[in-house]
Amino acid sequence: MMHNTNTPALQSWVAKIESRLKINPHDAEAWLALARDAGNRPVDQMRTFWERSVTHFPTHPYFWQLYIGREIQAGHHEEVEKLFSRCLHKIPSVGLNLQHVRYVTQTNPPHFSVQNREKIREAYDQAVARVGFDVEAGPLYHDYITFLESCEAVGPYAEQQRSAKMREVWQKAVAVPLAGIEHMWKDYCQFEATHFPAVHEKVTKDRSYEYINAKKQGKALVPLLQSLRRDKLPSRPRTQEEERHQIGNWRKWIDFERANPLMIDDANKLMRRIAYAYENCLMCCPYRIDIWLETAAHYRDAADKAKARSDQVAERDIIDAAAYCMERGIVLYPDRALFYLIIADLEEYRKSSPDRVKRIFDRCLGKVTENPTLAYIHYMLWCRRAETIKEARAVFARARAEPNVTQEIYVAAALMEYFTAAVQTCSTCSSKDKRAAEVALRIFELACKKFVPNAAFYLTYVNFLVMQNDQINAKILVEKALAAESLTVQEKLIIAGKSLEFDTLYGDYESIQKTERSRAELMAQLQLQPSTSPVGSRIISRWNYLGLTPINEADLKNIDYVESRDPVSLTPRTSFDLFKDSLVSKTADTKKPLALPDLNAMIPFKPRRNNRGFLAVPGGDYAFPEAIEQLKRLVPPPESFAGPFPDVDQVIRLLLEENAKSTVDLQKAAEGIDAGIRTIAQIVEMADEAETERMRLEIDPERRNERDIYRLRQAKKLKVEGAE
């Protein structure tokens, strides 16, 4: 729905902003511009826009706070309560929780009644439990303590209770790495000295260890969180490098919490700190599905640990938090089956009623309409586990009526019938196998009639027939697959490789030769690299078994071997694969600016007589690279060189200066001579000059003294003393 406007000029401006949002729904600047305009209008007129904004940004507190603030200004308390119930428990924001406790304080004046004070205290306790781990939670603790100080205490018992509650809040605050924790510690020490003068030294000394550790960890954590920009609206990163950097910073925070530098002994408290880091990451990066999955996995691991401790209450709460997290993911991704499957798995984990799990699968099938095959498969398999085979067959019958279901549901149903159904219905082993195999074969044949089988279907069907020792039908199916026009050459090679494996283990020599001829024809059609031999790769794969090969890995790498039975090796590389490789190479270039040698190809040096011109490696002698060979042809042989020997430092300096010169300077300096030859000539000339100087010094000892600084200083000193 369009933004409400009044004047024509404002209507034109809003239309431009709306057009930007149609092009890019994640344009944060456009959303902020509309929010500024909506803030100047009555909330009743702009409620449609506010609902639209919080629907688009359900995990971020910015628009929720603006929306709630407008409702508070209008005095719509019922609407405010509804909004807080929608967002307060799913957004880990200190600002949002502060807004809530201040609203509770505003609507329930503490000086009116004890019930009002209890409501405010309960609101503060819930806020501290939700966001008290945050480094920016200092204002929340400060407001809580200020509220407790303002509460009237009648009688010594009430005063003692208030002081004990204030001490509890203070001790929570100084144990958290807050920003400005030093001031918090000073105020806490003053509080102990004022209210508990008899024991304040002992108590502050005991708490000082937690404070020192929190202060130390805060120095590392506060700068890290400041670099995360948690106030920024979530939007899809503009570049891959930006996204990689952003997620890397979030993972640093998560790894920091997992390392437990605060040395927290309470497992539930440590779990909440790690979950808080994950929830903050989801608040700012909701478009990363892997973060949603990592969060669910964290909750699941924590539930397993709670179960091992026999902490049933914590286990139930953790599973509830995990399911609620996945429900928030469904808001952003309503057509992704993965979130529904995780919720169903969580319900199965805590052994919920079958009707509850069925409702989850029905929700999934109602949303995932493009290809619901996978949802039907897991629904059917869950029914087999949780109920009986009859309910699973009912799901299969329901799936067959769907127009968008593919052949994979038939494969799952056939294997399910073979491995589980007959066990529950037959008494003898022979009748069990025979009846289960017949049911599975009928399902496979039904799929062949209804669909054009793909390579995965053929492979599964062939494996099933091989498992039944049905050699004739397995060979017929392989020949049918090799003649199918719907399969690519790569897929046919994989199926032929499966046939070769079966023939090698159980067939005769003639069947092996027949399969090899089929593989030779297919390998000839395969487009491989020029350096790869299709014949050589086929012959080598003929003798492979599991991970064993007839030649070593170095030889395979040397001939660019392609495994004709491996789907990964035969899959042609797409433009997306090349794009990913380019990203990896760019990342490697930024992290490793220098080329590193292949250490696997290096061998220990073994000196030998006349070991020049060749590198000794296993398998033969290989010549130097062409550039070095050209340099060797330009210099005289080592036997003819008996000196002079140049100064190495001067040679290196000359080479560095030569590399720094431009192309024009090198051309001018060369004067028709090759640059490499001229450089060598200069080196030889320098060596001659050094040798000539050495000979002059041997002939004239006084000349040697001219370059001896120590003797020159001694002579000057004697000369001065003689003059005196």
Side-chain angles (χ1 to χ4, degrees), residues 58-59 89-90 271 275 278-279 282 286 288-308 312-402 404-417 419-421 424:
T59 63
H89 296 278
K90 66 181 181 181
M271 182 276 301
Y278 273 118
E279 296 287 350
L282 291 177
R288 289 289 299 236
I289 296 183
D290 57 339
I291 303 298
W292 289 97
L293 302 182
E294 289 182 20
T295 306
H298 165 68
Y299 281 124
R300 181 62 181 270
D301 294 341
D304 292 337
K305 294 178 181 178
K307 185 176 182 180
Q312 298 180 358
V313 176
E315 180 187 2
R316 184 186 66 249
D317 294 341
I318 293 170
I319 294 298
D320 290 340
Y324 186 68
C325 177
M326 292 296 101
E327 290 288 350
R328 287 158 43 207
I330 291 176
V331 175
L332 288 175
Y333 301 98
D335 57 343
R336 303 294 197 274
L338 179 62
F339 292 92
Y340 299 95
L341 296 177
I342 293 176
I343 295 176
D345 180 72
L346 293 173
E347 296 297 337
E348 186 177 5
Y349 173 83
R350 56 183 172 188
K351 300 179 181 179
S352 300
S353 62
D355 293 337
R356 186 170 183 174
V357 182
K358 287 181 179 179
R359 286 195 295 268
I360 296 172
F361 279 110
D362 290 337
R363 282 177 57 199
C364 178
L365 294 173
K367 294 293 184 179
V368 185
T369 57
E370 183 176 355
N371 186 3
T373 306
L374 185 63
Y376 272 114
I377 290 174
H378 288 288
Y379 191 6
M380 179 180 66
L381 298 179
W382 172 83
C383 288
R384 196 271 310 164
R385 293 193 304 269
E387 296 182 323
T388 61
I389 193 66
K390 294 182 179 180
E391 283 76 9
R393 289 170 180 166
V395 174
F396 177 53
R398 176 182 170 185
R400 290 174 57 187
E402 287 283 345
N404 298 329
V405 169
T406 56
Q407 54 199 294
E408 287 79 8
I409 185 69
Y410 290 83
V411 175
L415 297 179
M416 179 190 69
E417 289 286 349
F419 287 108
T420 62
Q424 303 177 10

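Counting begins at 1 with the first residue of the sequence. Keep in mind that this is a model prediction, so the values were computed, not measured.
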Close aromatic pair by centroid cut-off 6.0 Å: Phe396 and Tyr410: yes

Partners meeting side-chain hydrogen bond (donor to acceptor under 3.5 Å, both in side chains) with Tyr299 (sequence neighbours left out): Glu279

Heavy-atom side-chain proximity of Lys305 to Met271 below 4.5 angstrom: no

Smallest separation among heavy atoms of Pro286 and Tyr333, with atom names: O-OH, 3.5 Å

Any donor-acceptor N/O pair, Trp292 side chain to Met326 backbone, under 3.5 Å: no

Under the side-chain hydrogen bond (donor to acceptor under 3.5 Å, both in side chains) test, residues paired with Asp362 that sit two or more places apart: Arg398

Point-to-point distance, once rounded to the nearest 0.5 Å, from CZ of Arg316 to CD of Gln312: 8.5 Å

Side-chain ion pair, Glu327 and Arg363, N-O less than 4.0 Å: yes

Any side-chain heavy-atom pair of Leu282 and Tyr278 under 4.5 Å: no

Electrostatic pair Glu387:Lys358 at N-O distance under 4.0 angstrom: yes

Close side-chain approach of Tyr349 to Glu315, heavy-atom, < 4.5 Å: yes

Closest contact, heavy atoms only, Ala375 versus Cys364: CB-SG, 3.8 Å

pair Leu374-Val368: side-chain heavy atoms closer than 4.5 Å: no

Salt bridge (Lys or Arg N to Asp or Glu O under 4.0 Å) contacts in which one or both residues fall within residues 331-346, not counting sequence neighbours: Arg300-Asp345

Contacts of type side-chain hydrogen bond (donor to acceptor under 3.5 Å, both in side chains), residue Thr406, not counting sequence neighbours: Thr373, Glu408

NZ or CZ of Lys367 within 45° of Phe339 ring axis and under 6.0 Å: no

Residue list, side-chain contact (heavy atoms from CB on, under 4.5 Å) with Arg359, at least two apart or on another chain: Asp355, Arg356

Partner set under side-chain hydrogen bond (donor to acceptor under 3.5 Å, both in side chains) for Asp317, not counting sequence neighbours: none

Residue among Ile343, Leu346, Ile342 satisfying side-chain contact (heavy atoms from CB on, under 4.5 Å) with Ile360: Ile343

Stepwise salt bridge (Lys or Arg N to Asp or Glu O under 4.0 Å) check, Arg350 with Glu347: CA-CA 5 Å; Arg350 56 183 172 188; Glu347 296 297 337; 2.8 Å; yes

Distance (rounded to the nearest 0.5 Å) between Thr420 OG1 and Arg385 CZ: 11.5 Å

Residue among Ile409, Val395, Leu341 satisfying side-chain contact (heavy atoms from CB on, under 4.5 Å) with Tyr379: Val395

Closest approach of Met380 to Ala413 (non-hydrogen atoms, all atoms of both residues): CE-N, 3.7 Å

Trp382 versus Pro354, closest heavy-atom pair with distance: CH2-O, 3.5 Å

Nearest-0.5 Å distance that lies between atom CD in Glu391 and atom OG1 in Thr388: 3.5 Å

